Structure formats: C-alpha cells, structure tokens
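Just so we're on the same page: letters track the sequence lines, and every chain starts at 1. All heavy atoms count here, side chains included; hydrogens, waters and symmetry mates do not. Because the structure is predicted, anything quoted here is derived from the model rather than measured.
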There are 2 protein chains.
Amino acid sequence: MGGSEIRRNMPLFSIGIVMQLTDLSARQIRYYEEHELISPARTEGNKRLFSLNDIDKLLEIKDLIDQGVNMAGIKQIYNVKQQTAISAAEKKQAEKTRRELSDADLRKLLRKELLQAGRFNRSANHGDMSRFFH
Amino acid sequence: MGGSEIRRNMPLFSIGIVMQLTDLSARQIRYYEEHELISPARTEGNKRLFSLNDIDKLLEIKDLIDQGVNMAGIKQIYNVKQQTAISAAEKKQAEKTRRELSDADLRKLLRKELLQAGRFNRSANHGDMSRFFH
DNA sequence: AAACATATGTTAGATTATCTGACATGAAAT
DNA sequence: ATTTCATGTCAGATAATCTAACATATGTTT
C-alpha cells in the first residue's frame with residue numbers, strides 16, 4: 001500500500017486519452033471539474049493531466065449519470081460543498097436555506113435518486129481502471 | 001493472462017509524459033524510434049502515443065545507454081535488422097559485407113560491450129514501469 | 001404554460017505541445 | 001584529421017487543448 005497511492009495519483013493522461021477511456025466528451029469532463037468532482041493536475045502550459053484515480057472517478061460519475069443521477073445527487077454522494085458562485089452576502093441566507101432544505105428535501109432527493117438508481121454496490125473504492133492495468 | 005498484453009500495449013502516453021517518466025529527451029526518444037527500437041502508435045494528427053511496453057523498453061534502453069552500450073549494441077540485443085538507408089544496388093554488396101563482418105567483428109563488438117556492461121540480468125522481460133502501477 | 005435551471009453541444013480565438021527537417025557539436029572511431 | 005554517432009537546438013507547421021460565450025434539449029418550478 002505504500003507507493004501505490006502515489007502511483008494512482010500520478011498525473012499522466014491527456015484529456016484526449018481520458019475521453020477515449022471514459023467515453024465522456026471534453027465538455028463533460030471539464031464540467032465535472034468545474035463542479036469540483038475531480039481536480040486534475042495541470043502542465044506548465046495549463047493543459048489538464050489526469051491520474052488513474054481521476055479516471056476511476058470519472059468512470060464512477062459516468063455510471064451514476066447513466067443511471068439518471070444528476071449533479072446534485074453526485075455531489076451529495078461525494079459530499080462536495082454545494083453553492084457554486086454566490087456573493088458573500090447571499091451566502092449567509094443561502095446557507096440557512098440549505099440547512100432548512102437539507103433535512104427535508106435533500107433527503108427526499110437523495111433517496112429518490114438512489115432508489116431509482118437500483119443496484120449500487122461498488123464494493124471497491126475505485127472504478128474500472130483496473131481493466132487497463134494488472 | 002489474456003488482456004494484460006493488450007493493456008500493456010495500449011497507446012496512452014504523450015511524449016511529454018514519457019520524457020518525464022524516462023528522463024530521456026524528445027530527441028533521444030525520436031532517435032530510438034528512428035532506429036526501430038520502439039514503434040509508438042500515432043494519433044490521427046500524427047502525435048506519438050506510447051504504451052507501457054514502449055516505456056519499459058525505453059527504460060531498458062536508457063539502462064544500456066547509461067552503461068555505455070551504443071546503438072549498434074542495443075540493436076544487436078534486440079536483433080533489429082541493421083542498415084538504415086541504402087540503395088538497392090548497394091544492398092547486395094552491403095549484405096555480403098555484413099555477413100563477412102558478422103562472424104568476426106560483430107562478435108567482437110558484442111562481447112566487448114556486453115562484458116564491459118557488467119551485471120546484466122533483467123530477469124523480467126520488462127523494465128521498471130511496474131514502479132508506476134500496482 | 002411560461003419561466004427557469006441543468007447538462008451538454010458547438011464555435012471562435014488564443015496558446016501549448018508536438019511534429020519533421022535541418023544544422024551544430026562534442027566524443028568516439030577510423 | 002576525418003568521419004560517424006548520439007544528441008542538442010532551432011524554425012516553421014500542425015494538432016491538441018484551453019477558456020469563454022452562446023445554443024439547446026430536457027427537466028423542474030411557479
């Protein structure tokens with residue numbers, strides 16, 4: 001378990017390769033990054049470089065998307081802090097609102113989507129990149 | 001062991017990444033390709049795409065280079081057909097010459113370089129890319 | 001139904017990464 | 001003293017990727 005973590009987080013793959021490997025569009029991949037589901041590294045020249053872990057995560061996301069889960073659901077699953085671009089002033093109110101929502105509506109939302117998603121047990125904590133390496 | 005071969009031959013890495021991973025210059029990598037030591041795939045747009053096996057091979061080559069073996073030696077080791085760009089007319093004579101050389105000088109060359117190279121037993125038939133993946 | 005939000009497509013213009021081919025060069029071989 | 005080898009470096013061309021903006025289909029709210 002030592003260097004394995006390092007290896008799996010090593011930034012190696014261009015977005016073109018990741019598109020092929022995941023069957024996602026560049027737009028989708030960038031959109032998921034925008035929503036902080038992944039955080040690929042960058043070259044000096046600002047090109048994205050993805051790790052095995054990034055690709056695994058994208059495969060998981062794709063899985064969820066294919067099963068009808070939306071961004072909000074996926075964010076909940078990965079507990080990514082909600083709220084994308086709100087002014088500091090709005091934030092307080094938004095936070096309050098969110099808290100009010102979270103016990104009622106959010107639970108409902110999650111339950112609905114997860115149940116609808118059907119089978120759902122990725123026992124391993126990573127996607128299917130193992131396909132590509134032994 | 002089925003898909004493992006496929007996986008190790010899957011073209012995934014840009015030359016920039018391979019440079020970092022192998023600590024070879026782009027010039028060197030292209031030069032070794034020119035001498036048919038590796039044959040990386042290409043994108044539609046003609047950019048090189050390297051596989052794990054390509055990278056392993058480059059690491060081996062680097063090893064040999066570091067130990068003072070020259071192209072000719074490396075080519076012999078991988079038995080890459082010699083002769084780069086000779087006219088058909090010249091080829092006949094060249095072929096004869098080569099055969100005359102091969103039993104005397106070539107053996108000498110090989111022995112000299114291999115012995116000088118010292119320890120030399122990569123038991124596995126691949127380089128150190130295993131470092132990067134589990 | 002109308003208005004809005006979400007997720008993705010598409011296009012444009014800019015920039016980076018890579019390509020080939022040529023010339024330069026120090027070290028090694030002849 | 002020349003050649004050859006292995007690599008560096010540069011120039012000009014092309015491909016891959018980037019961000020930002022607008023377009024849009026589908027789903028959600030009011």
What is the distance, to the nearest angstrom, from the [atom1] atom on [X] to the [atom2] atom on [N]?
X: F13(B); N: dT18(C); atom1: CZ; atom2: P; answer: 14 Å
X: N70(B); N: dT3(D); atom1: CG; atom2: P; answer: 21 Å
X: E34(A); N: dA7(C); atom1: CD; atom2: C1'; answer: 11 Å
X: I61(A); N: dT8(C); atom1: CD1; atom2: C1'; answer: 15 Å
X: H35(B); N: dC5(D); atom1: NE2; atom2: P; answer: 8 Å
X: N46(B); N: dT18(C); atom1: CG; atom2: P; answer: 13 Å
X: Q28(A); N: dT10(C); atom1: CD; atom2: C1'; answer: 14 Å
X: D66(B); N: dT7(D); atom1: CG; atom2: P; answer: 10 Å

Does [N] have its OP1 or OP2 closer than 4.0 Å to a side-chain nitrogen or oxygen of [X]?
X: T43(A); N: dA17(C); value: yes
X: R48(A); N: dA17(C); value: no
X: Y32(A); N: dT8(C); value: yes
X: S25(B); N: dG8(D); value: yes
X: Y31(B); N: dG8(D); value: no

For this session: Please work out if R30(B) contacts a base, only the sugar-phosphate, or nothing of the nucleic acid, heavy-atom cut-off 4.0 Å.
Result: base
Please check this pair: side chain of [X] against backbone of [Y], looking for a donor-acceptor N/O pair closer than 3.5 Å.
X: Q67(B); Y: L64(B); result: no
X: D54(A); Y: S51(A); result: yes
X: D56(B); Y: N53(B); result: no

Problem set entry | R27(A) side-chain proximity, nearest of dT16(C), dT19(D), dC22(D) | dC22(D)
Problem set entry | Selection from dT17(D), dT20(C), dA7(C) that lies nearest to any side-chain heavy atom of S14(A) |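 Closest of the options to the side chain of S14(A): dT17(D).
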Problem set entry | R27(A)/E33(A) ion pair, N-O < 4.0 Å | no
For this session: Would you tell me whether E36(A) and Y78(A) have side-chain atoms, one donor and one acceptor, within less than 3.5 Å of each other?
Result: no
Exercise. Starting at the 5' end of DNA chain D, which residue's closest nucleotide do you reach first, A26(B) or G45(B)?
Worked result: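 Result of the comparison: A26(B).
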